[in-house]
Visitor: 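My questions all concern the structure below.
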Amino acid sequence: MFVRVGLLALLMIATSARATPVAGNWEGEAASDLWPTFLRLEIQPGDHGHATLFVLGQTIDLKQTLDVSTLDTTIGKDRDALRVTGHVEGDRLVGSMSQSGKTFAFSLQRIASYPPTEDRVVRWSRDLDAIRDRVLAFDRSFDAAEKAAAKRAIEQLRRELPRLSDDAIVVQIARIAALANNAHTRLYILRNRTEVRRMPIRAWWFGKELRVVRAAPEYARYLGCRIDRVGGQAALAAKAKVDDLFAGSPTWRTYMSAYSLTSSDVLHGAGIVPTADQVRYQFSGCKASGTAEIAPLPLAKSAKPLESWWDLAPKYAGPPDDWKQQLAGSAPPLYLSHPDKNYWFDDQSTDGMLFIQYNRAADAPDEKLSAFASRVAAAITAKRPRVIVVDVRFNTGGNGSITPKLVDAVKSAPADVPVYIVTGRATFSAGIVAAAVLREARPVRIVGEPVGDGLDFWAEGGNIILPYSGLYVHFANGAHSLSPKPCPTRDYCDDMNVASLAPDIAAPPTWASYVARRDPALDAIRQDMDRRR
């Protein structure tokens with residue numbers, strides 16, 4: 001009896017000794033019924049190490065591990081409870097996530113840890129390793145040739161690290177990510193996150209004119225000015241030097257350049273200005289015409305999205321609130337009246353127009369999109385509009401799966417009620433999907449500018465945090481094929497059959513219409529309606 005107990009105890013000790021601790025940082029994908037879900041686990045060492053799960057933009061406290069080699073925890077109660085289990089097999093952390101009656105398996109790789117060093121080149125080289133070994137491993141948007149080009153660019157940049165400034169390295173990393181030719185694959189330095197300094201002015205492209213539309217109080221004299229030169233280069237030439245920091249359509253690159261050309265760090269990294277501590281701008285078309293040396297604002301890092309189109313609206317959707325705006329002091333045009341709302345509609349037009357603006361594919365805090373769609377359907381029934389306009393020109397994305405509710409509401413209109421879709425350079429991701437779903441649902445006419453990406457793109461994915469700089473590189477792993485082309489993968493794919501989203505009626509923004517508080521898109525729609533009558 002004592003011998004048996006002793007053998008059992010020895011067996012348990014031996015098994016425990018062989019078990020690999022789960023402590024460490026892990027990342028990888030979980031299978032799902034849609035696209036693969038990227039997740040990251042941070043597990044502290046110890047018999048009951050603290051565990052944190054990062055998934056789909058959420059940070060979930062998983063409390064403690066069951067023991068040194070086993071993760072098994074349940075968060076919440078009843079059907080909505082989330083259970084996460086895991087253990088190490090070989091060099092992988094394998095396990096599953098269960099919630100709402102569904103269970104998805106995952107297999108994660110360990111994130112490399114490095115000893116401290118003061119060697120700047122070694123530090124940046126570790127970031128390049130992370131791009132090569134992690135970003136390129138998870139991302140599905142790079143084809144074979146693009147991946148090979150990215151690897152060559154990484155090694156070229158590695159050789160150049162000793163002579164390049166930090167700003168130049170960041171710009172080069174952005175260019176490497178953009179080699180995927182997929183706008184969702186990018187370095188987060190502007191828009192989704194703010195990791196670089198910005199100038200005290202904000203600008204927007206009106207055709208070939210870059211105009212100041214918003215400014216800090218002490219620079220309000222430059223409102224309305226045309227920016228002719230940036231750092232001694234013509235504005236369009238400067239734009240050409242930053243266009244390749246982000247992939248996407250030409251209009252999306254135009255949208256993103258409004259950020260880049262008002263960031264001293266990016267301008268310095270791209271070789272447009274000799275120092276990031278000040279930028280020389282040449283202004284014209286205003287009382288403050290001339291050349292000015294302007295210093296950037298202090299770096300204010302942020303993980304919150306910041307949309308450049310908000311700067312067009314007097315009622316700004318984000319800080320700082322004391323900045324001056326070109327249209328402030330009087331009523332803005334209809335399309336710029338609610339930059340703070342995910343969606344809204346107006347049915348008070350005297351000419352029978354129902355105007356619906358869909359700015360974000362996400363439920364608003366005070367009303368779900370399904371409830372909003374019901375109100376739209378009720379307004380269509382009650383008012384029987386002469387024309388319906390769905391404006392997605394500023395919809396940069398979100399959760400595209402909620403859009404069909406709104407589309408169903410628009411479809412409920414009588415067949416003889418014409419429907420127009422307004423698109424623009426900031427129509428992106430789920431915003432593009434919204435336009436495509438509407439076009440598939442019923443006959444529509446598209447008005448405005450071309451959308452910000454092609455009909456076939458990769459999205460979803462996750463973020464790889466670079467070990468030295470802490471910058472986020474977003475990779476894409478979910479296929480969206482909105483065109484008649486076949487899906488590029490056998491995995492889940494958002495498969496549609498839309499021939500084109502090119503505008504049937506071109507109506508790009510102009511400076512003259514902007515300062516006159518007119519909407520070129522609505523003007524074009526009304527003219528088209530008059531012709532059709």
Side-chain angles (χ1 to χ4, degrees), residues 38 124-161 164-193 195-196 238-257 259-261 263 265-267 269-272 397 425 428-429 432 451-469 471-481 485 488-489:
F38 182 75
W124 276 115
S125 190
R126 291 170 178 173
D127 279 7
L128 298 183
D129 289 344
I131 298 169
R132 180 196 62 202
D133 300 335
R134 296 163 61 194
V135 175
L136 295 183
F138 288 116
D139 189 89
R140 289 168 170 78
S141 66
F142 284 91
D143 63 23
E146 291 161 349
K147 186 173 289 189
K151 289 180 177 179
R152 289 194 299 271
I154 288 170
E155 298 313 312
Q156 177 66 31
L157 177 54
R158 197 190 305 274
R159 291 190 291 271
E160 296 175 351
L161 289 176
L164 293 180
S165 67
D166 287 354
D167 290 339
I169 295 170
V170 171
V171 165
Q172 287 301 102
I173 290 175
R175 286 172 171 155
I176 290 171
L179 290 174
N181 197 29
N182 181 66
H184 285 81
T185 304
R186 71 262 204 201
L187 178 65
Y188 279 172
I189 50 175
L190 292 159
R191 185 177 162 267
N192 293 88
R193 300 176 66 93
E195 299 283 356
V196 292
K239 175 182 178 298
K241 287 194 171 184
V242 298
D243 270 351
D244 61 355
L245 271 66
F246 303 97
S249 70
T251 52
W252 181 252
R253 294 183 186 219
T254 294
Y255 183 64
M256 292 304 297
S257 73
Y259 296 92
S260 301
L261 296 177
S263 168
D265 294 335
V266 172
L267 292 171
I272 296 171
R425 68 191 72 172
F428 185 70
S429 193
I432 296 175
V451 299
D453 206 353
L455 290 178
D456 301 305
F457 57 86
W458 291 83
E460 318 320 317
N463 299 320
I464 300 298
I465 305 173
L466 302 185
Y468 166 50
S469 64
L471 296 173
Y472 284 55
V473 181
H474 187 81
F475 70 87
N477 65 1
H480 295 257
S481 179
K485 295 180 181 178
T489 174

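Along the sequence shown, residues are numbered consecutively beginning with 1. Every value quoted in this text rests on a predicted model; they were computed, and no experiment measured them.
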Visitor: Looking at every non-hydrogen atom in both residues, tell me the closest pair between Leu179 and Glu146 and how far apart they are.
Guide: O-CG, 3.5 Å
Visitor: Show me the side-chain donor-acceptor pairs of residues 453-461 shorter than 3.5 Å, one per line, residues at least two apart or across chains.
Guide:
unit_1 : atom_1 : unit_2 : atom_2 : d
Asp456 : OD1    : Ser481 : OG     : 3.1
Asp456 : OD1    : Leu482 : N      : 3.3
Asp456 : OD1    : Ser483 : N      : 3.4
Asp456 : OD1    : Ser483 : OG     : 3.1
Asp456 : OD2    : Ser483 : OG     : 2.7
Glu460 : OE2    : His480 : NE2    : 2.6

Visitor: Tell me whether Ser249 contacts the main-chain N or O of Val451 through its side chain, where contact means a donor paired with an acceptor under 3.5 Å.
Guide: yes
Visitor: Using only atom types and a distance under 3.5 Å, with no angle test, would you say the side chain of Arg253 pairs donor to acceptor with the backbone of Phe246?
Guide: yes
Visitor: Can any side-chain N or O of Arg158 pair as donor or acceptor with the backbone N or O of Ser125 at less than 3.5 Å?
Guide: yes
Visitor: For residues Thr489 and Ala479, report the shortest heavy-atom separation together with the two atoms involved.
Guide: CG2-CB, 3.6 Å
Visitor: How far apart are the closest heavy atoms of Ala177 and Leu187, and which atoms are they?
Guide: CB-N, 4.0 Å
Visitor: Minimum heavy-atom separation for Val171 to Val266, with atom names?
Guide: CG2-O, 3.9 Å
Visitor: Of all the heavy-atom pairs spanning Ala183 and Phe428, show the shortest one and how long it is.
Guide: CB-CE1, 3.4 Å
Visitor: In terms of the angle between their ring planes, are Trp252 and Tyr255 parallel, tilted or perpendicular, with boundaries placed at 30° and 60°?
Guide: tilted
Visitor: In Å, rounded to the nearest 0.5 Å, how long is the span from OH of Tyr468 to CG of Asp129?
Guide: 14.5 Å
Visitor: Measure from the side-chain N and O atoms of Ser260 to the backbone N and O of Ser257, and report whether any donor-acceptor pair falls under 3.5 Å.
Guide: no
Visitor: Look at the side chain of Lys147 and the backbone N and O of Leu136, then say whether any donor-acceptor pair between them is shorter than 3.5 Å.
Guide: yes
Visitor: Could you check Leu161, Leu157, Asp167 and say which one makes a side-chain contact (heavy atoms from CB on, under 4.5 Å) with Gln172?
Guide: Leu157
Visitor: Please check this pair: side chain of Asp139 against backbone of Ala476, looking for a donor-acceptor N/O pair closer than 3.5 Å.
Guide: yes
